[in-house]
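In what follows, every chain begins at residue 1, and chains take the letters A, B, ... in the order their sequences are listed. Any value given below was found using the heavy atoms of this structure, including those in side chains, with hydrogens, waters and symmetry copies removed.
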2 protein chains.
Amino acid sequence: MSKGTLLYAQSGGVTAVINATASAVIQAARARKVRVLAARNGILGALREDLIDTSREPLAAIRALAHTPGGAFGSCRYKLKSPEQDRAKYDRVLEVLKAHDVRWFLYNGGNDSADTALKLSQLAAASGYPLTCVGVPKTVDNDLVVTDCCPGFGSAAKYTAVSVAEAALDVAAMADTSTKVFVYEVMGRHAGWLAAAAGLAGAGGDAAPQVILFPEIAYDEAKFLARVKAVVERVGWCVVVVSEGIRHADGRFVADAGGGKDAFGHSQLGGVGPLIAATVKDRLGLKVHWTVPDYLQRSARHLASKTDLAHATAVGKAAVEYALAGRNGVMPVIVRTGDKPYKWKVAPAPLTDIANHEKKMPAGFISKDGWGITAACRAYLGPLVRGEAPPPYGPDGLPRYVRLKNTPVPRRLPAWEG
Amino acid sequence: MSKGTLLYAQSGGVTAVINATASAVIQAARARKVRVLAARNGILGALREDLIDTSREPLAAIRALAHTPGGAFGSCRYKLKSPEQDRAKYDRVLEVLKAHDVRWFLYNGGNDSADTALKLSQLAAASGYPLTCVGVPKTVDNDLVVTDCCPGFGSAAKYTAVSVAEAALDVAAMADTSTKVFVYEVMGRHAGWLAAAAGLAGAGGDAAPQVILFPEIAYDEAKFLARVKAVVERVGWCVVVVSEGIRHADGRFVADAGGGKDAFGHSQLGGVGPLIAATVKDRLGLKVHWTVPDYLQRSARHLASKTDLAHATAVGKAAVEYALAGRNGVMPVIVRTGDKPYKWKVAPAPLTDIANHEKKMPAGFISKDGWGITAACRAYLGPLVRGEAPPPYGPDGLPRYVRLKNTPVPRRLPAWEG
């Protein structure tokens with residue numbers, strides 16, 4: 001074994017392929033004879049000294065991680081503030097890392113995680129502790145800057161495009177006497193990447209989805225209803241894709257899924273999908289159905305994109321290489337080097353360029369009428385959903401997903417009083 | 001070509017594999033040199049004389065139907081009443097059939113379609129017109145009697161079990177700092193077959209789903225909340241599967257998705273999933289997420305069960321054989337002939353035994369505590385979700401679903417004044 005330990009942690013919403021990154025990290029480190037610990041539930045595991053010894057997992061289990069959705073070591077929604085505000089926590093993390101001889105820290109997440117990894121790398125350097133911090137990209141929201149795309153997004157995009165295409169065939173068959181308008185709610189609070197991916201289900205024009213409501217475009221009810229009415233008159237039915245993050249012109253969310261209360265003080269957890277469906281029903285008198293896939297869209301490993309899986313694996317492998325080479329404060333990002341055919345490579349990018357930024361969808365990706373995607377958007381999204389990478393299935397007809405033992409590492413420090 | 005024409009029609013909610021039945025029907029008839037017309041939108045196509053000439057479709061397209069979800073010729077929610085009440089309609093259908101020399105009528109649907117096929121066969125016989133009517137089973141609700149299971153159900157069951165298993169891995173990863181309870185709404189207004197299928201996602205006990213709310217068991221909020229609370233305390237998180245059809249002890253639906261109005265007169269289209277989620281949030285103070293897959297669960301051909309596909313194909317082939325053999329008023333049903341290993345065959349059953357009956361889930365399929373399924377239920381459901389039958393995918397990463405030309409047959413009668 002090499003001197004020193006590598007610590008890996010997962011942060012934020014999980015994806016269909018974040019465990020593929022974990023699998024690649026552990027396999028790459030094992031190949032270099034480096035011990036890998038995992039923090040349980042992201043940075044919280046480091047604060048709590050709740051660490052997992054991945055060397056207790058057989059290779060078969062680590063390989064099976066590559067086809068298992070969810071977050072194998074637990075994730076967290078927990079953001080460290082600036083070192084000025086949260087200094088005691090940063091110090092505690094460094095203390096835990098030192099206690100376990102952690103020389104390399106890989107944080108697998110989005111913007112916040114990149115920021116945490118960056119801050120930690122700076123504090124370690126300032127304190128003279130030799131720690132190399134590497135951010136590893138992951139998010140179905142596809143909102144990290146610098147990288148061409150984010151591992152996790154391609155599979156959620158494929159799930160969305162396939163599900164919209166399948167539902168459209170259903171609605172088309174039912175429309176004569178039943179459902180005329182089908183509403184599909186996608187994730188994406190701030191940017192319409194997954195909403196745009198739904199556009200891959202059809203060729204545009206009168207093909208489903210005929211209406212995409214992007215968070216980038218202020219919701220105009222009258223315009224929306226006029227469009228739906230026209231499509232139903234022309235096609236006989238209409239598929240509407242709505243981003244959870246659509247807003248009114250004044251910036252208010254159209255629906256606050258976290259939300260409001262009804263007259264009796266009960267929580268309204270309606271989501272924007274059923275709300276838009278109700279609007280169509282009330283104002284146009286058309287029969288509607290709606291779906292909110294929610295977590296299904298980011299955990300559907302059974303429908304993962306092969307390209308996305310390759311990205312997720314490559315960034316995990318590269319992260320270990322960068323870390324062991326002492327490249328502190330970087331993130332392996334996806335660089336698109338060719339479009340026809342699609343080509344890509346992984347390259348290191350400074351976390352300072354990535355942390356706390358948010359990638360918006362280019363205006364040129366939304367069609368002029370606002371209801372669909374452009375050729376430029378298709379050219380960007382197309383390669384990300386290409387290829388299939390189904391998990392192995394058992395004789396019971398279910399995917400063979402793995403559960404790790406997650407053996408805890410004995411604690412060496414007093415409990416955290418955070 | 002043989003003398004006479006075979007008419008095929010689809011009815012009711014479509015499934016992931018109803019087109020596989022259509023494909024088998026057309027291929028079996030072509031092999032016997034019998035011309036096949038399809039009625040557009042079920043029995044309405046027969047009333048309107050809106051018929052499709054399937055001979056205009058190349059064999060490749062007919063074969064591709066076997067992996068295409070939705071209803072290729074359109075379906076309908078339209079029930080003919082008794083011949084006493086709807087005599088003019090029955091007469092019109094017979095008139096259209098005669099005008100196109102239809103000697104064999106295959107109606108692919110559920111209880112109502114079986115009833116229509118039966119009535120039509122009786123009227124034709126009474127009028128001396130040589131017409132053989134065969135019902136062909138199809139429904140994700142699995143509620144036809146006599147048959148061991150219904151084509152379409154196995155694929156929806158597989159989709160449900162896989163999706164619940166995947167979402168459970170997501171929730172398990174997030175629960176420490178985020179979602180503690182995940183609510184999954186399944187179809188099944190009258191019987192809990194799909195709710196039960198969710199039970200295949202885990203082995204029972206503390207494995208997800210830890211709570212299934214069946215329509216067969218009166219919803220008891222206090223008991224439900226106590227169960228969720230206990231599971232979250234023990235496991236850290238909880239997956240709840242709820243059937244759209246759950247009712248209070250007095251028989252009222254817990255949520256009427258078709259729905260109520262709010263104080264402003266707006267339609268409330270929140271299904272029971274978000275309502276149950278809101279109850280957990282308000283009463284237990286736990287963070288919740290919920291999903292309503294809706295049409296996705298019955299159109300997900302990408303995740304079809306191989307067993308279900310085989311059933312759907314076999315009943316299509318058998319229906320043609322029965323029809324051409326003049327077996328009037330029957331339905332090809334699935335007969336289970338062995339459990340270990342699973343064995344089955346197709347056999348004809350009289351429509352009189354099937355029409356207007358509804359198969360309930362046996363009481364012995366729900367565990368004593370009411371939250372899960374029994375070994376007997378697993379033994380029944382297990383084979384139905386076994387095997388994978390993915391569609392071919394294109395280079396764009398989407399399944400290669402086919403759209404038929406659906407060339408209309410020239411009309412020979414005056415328009416229907418129905």
Side-chain angles (χ1 to χ4, degrees), chain A residues 14 41 44 68-71 74-78 158 161-163 165-167 169-174 176-178 182 200 263 266-271 274 277-278 281-282 289-296 298-303 305 382 385-388 390 393 395-399 401, chain B residues 14 41 44 68-71 74-78 158 161-163 165-167 169-174 176-178 182 200 263 266-270 274 277-278 281-282 288-296 298-303 305 382 385-388 390 393 395-399 401:
Chain A
V14 295
N41 297 310
L44 280 167
T68 300
S75 187
C76 69
R77 293 209 178 277
Y78 186 88
K158 186 182 185 97
V162 172
S163 298
E166 291 179 333
L169 291 173
D170 193 311
V171 180
M174 302 307 296
D176 184 48
T177 50
S178 181
F182 185 75
L200 296 177
H266 301 143
S267 291
Q268 293 291 293
L269 292 181
K281 185 187 174 204
D282 287 343
H289 258 254
W290 55 269
T291 181
V292 179
D294 194 64
Y295 282 178
L296 306 191
R298 69 182 206 193
S299 57
R301 179 62 184 81
H302 76 268
L303 194 53
S305 150
V385 305
R386 280 184 207 149
E388 293 68 55
Y393 283 75
D396 61 355
L398 297 187
Y401 294 144
Chain B
V14 295
N41 296 312
L44 280 166
T68 300
S75 186
C76 68
R77 292 208 178 278
Y78 187 87
K158 186 182 184 101
V162 172
S163 297
E166 292 180 331
L169 291 173
D170 194 310
V171 180
M174 302 307 294
D176 184 47
T177 50
S178 180
F182 185 74
L200 295 176
H266 300 142
S267 291
Q268 294 291 293
L269 293 181
K281 185 187 173 202
D282 287 343
V288 293
H289 257 254
W290 54 268
T291 181
V292 179
D294 195 63
Y295 281 179
L296 306 191
R298 69 182 206 193
S299 57
R301 180 61 185 82
H302 76 268
L303 193 52
S305 150
V385 304
R386 281 185 207 149
E388 293 67 55
Y393 283 75
D396 62 355
L398 297 188
Y401 294 144

Open item on the list: Using heavy-atom distances under 4.5 Å, tell me whether P395(B) contacts chain A through its side chain, its backbone, both, or neither.
Closed with: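 Just the backbone, heavy atoms under 4.5 Å.
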Task: Which atoms of D170(B) approach chain A - backbone, side chain, both or neither, heavy atom under 4.5 Å - done: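 Contact with chain A: backbone and side chain both.
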Task: Close side-chain approach of N41(A) and T177(B), heavy atoms under 4.5 Å - done: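 With C-beta onward as the side chain, the pair stays apart.
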Task: G70(A) to A173(B) - nearest heavy-atom pair and separation - done: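 In terms of heavy atoms, the two residues are closest at C-CB, 4.5 Å.
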- [ ] Could you tell me how the ring of W290(A) sits relative to the ring of W290(B): parallel (under 30°), tilted (30 to 60°) or perpendicular (over 60°)?
- [x]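 Ring orientation of W290(A) relative to W290(B): perpendicular.
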Task: Most chain A-contacting option - heavy-atom pairs closer than 4.5 Å, from G74(B), S75(B), A161(B), G387(B) - done: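 Ranked by contacts with chain A, first place is S75(B).
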TODO: Tell me, out of R298(B), R301(B), K158(B), H289(B), who's got the most heavy-atom pairs with chain A below 4.5 Å.
DONE: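 Of the candidates given, the most pairs with chain A belong to H289(B).
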Task: Of L398(A), L303(A), L296(A), the residue whose pairing with V162(B) passes side chain to side chain contact (heavy atoms under 4.5 Å, CB included) - done: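 Looking at L398(A), L303(A), L296(A), the match for V162(B) under the side chain to side chain contact (heavy atoms under 4.5 Å, CB included) is L398(A).
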- [ ] For each of V385(A), D176(A), V14(A), tally heavy-atom pairs with chain B at distances under 4.5 Å, and name the one with the top tally.
- [x]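 Highest number of heavy-atom pairs under 4.5 Å: D176(A).
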Task: Residue pair E166(B) / Y401(A), side-chain donor-acceptor N/O under 3.5 Å - done: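 Present: a donor and an acceptor within the cut-off.
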Task: Contact class of S305(A) relative to chain B, heavy atoms under 4.5 angstrom - done: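 Contact with chain B is absent: no heavy atom of S305(A) under 4.5 Å.
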TODO: Could you tell me which portion of S178(A) (side chain, backbone, both or neither) has an atom closer than 4.5 angstrom to a non-hydrogen atom of chain B?
DONE: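 The answer is the side chain of S178(A).
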Task: Verdict with supporting geometry, T291(A) and Y295(B), side-chain contact (heavy atoms from CB on, under 4.5 Å) - done: CA-CA 7 Å; T291(A) 181; Y295(B) 281 179; over 6 Å; no
Task: Interatomic spacing from OG in S163(A) to NE2 in H302(B) - rounded to 0.5 Å - done: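 It is 6.0 Å, given to the nearest 0.5 Å.
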